[in-house]
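Working notes for the structure below.
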Amino acid sequence: MKKIAIGSDHGGFELKEKIKEELTALGYEFVDFGCHEGESADYPDVAFLVGECVATNDDYVGIMIDGVGIGSGMAANKIPGVRCAVCWDLSSVINSRDHNNANMLSIGGQTLGPGLAIQMIKKWLETDFSGGRHDRRVTKIMEIESRFLGR
Ligand SMILES: O=P(O)(O)OC[C@H]1O[C@@H](O)[C@H](O)[C@@H]1O
């Protein structure tokens, strides 16, 4: 069972707290990178901390919640090794694991109700990468990154 790095800005704080309750009930270990009391936070700062944890620890996946999820996804995907999927429903979370081997999920606290968001998180955590032809494509994604890093 993977451990979870979780974070939010002020727009995702309330949903983050609900997700944490659910993760605890399901027996997941998690680290909360903030924000901690709903204070105003800049999503790139928190997305960086969550993404850094995922990129440097194979036993972690990341979950980030801002108002809509898009900005955090953009920020996290700047970190080498992070494949952050911005998702909005059950089929997008399944696809992001099954085909894209996403190691980080970004969702919107202002655009999703808590019931759907929690179903999405559960589905994302329990869906495995199917490999095969998708492995070739994910390898190509990571090769694009390598070209810019000069590796
Ligand atoms: O709450 P303010 O500061 O207006 O806007 C922040 C939100 O705007 C969007 O980029 C993100 O979804 C973020 O949560």
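We number each residue from 1, following the sequence as shown. Indexing begins at 1, ligand by ligand and atom by atom, following the structure's order.
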| query | Is D9 touching ligand 1 with its side chain, its backbone, both, or neither, if touching means heavy atoms under 4.0 Å apart? | reply | side chain
| To which protein heavy atom is atom 9 (C) of ligand 1 closest, and what is the distance rounded to 0.1 Å? | Y43 CE2, 4.4 Å
| note | CZ (R137) and CD1 (I141) are apart, to the nearest 0.5 Å, by 10.5 Å
| said: Between E143 and R147, does any side-chain N to carboxylate O distance fall below 4.0 Å? | reply: no
| Is the shortest N/O to N/O distance between G69 and ligand 1 below 3.5 Å? | no
| request: Determine whether the side chains of D89 and S92 contain a donor N or O and an acceptor N or O closer than 3.5 Å. | output: yes
| said: Please report whether atom 14 (O) of ligand 1 has a protein non-hydrogen atom at a separation of less than 4.0 Å. | reply: yes
| query | Is D32 salt-bridged to K16, cutoff N-O under 4.0 Å? | reply | yes
| message | So if I count the atoms of ligand 1 from 1 in the order they appear, which ones are less than 4.0 Å from some heavy atom of G67? | response | 11 (C), 12 (O), 13 (C), 14 (O)
| task | Might you confirm whether atom CD of E39 has over 12 heavy atoms from other residues, nucleotides or ligands at distances under 6.0 Å? | result | yes
| said: As an exercise, identify every atom of ligand 1 less than 4.0 angstrom from a heavy atom of H10. | reply: 1 (O), 2 (P), 3 (O), 6 (C)
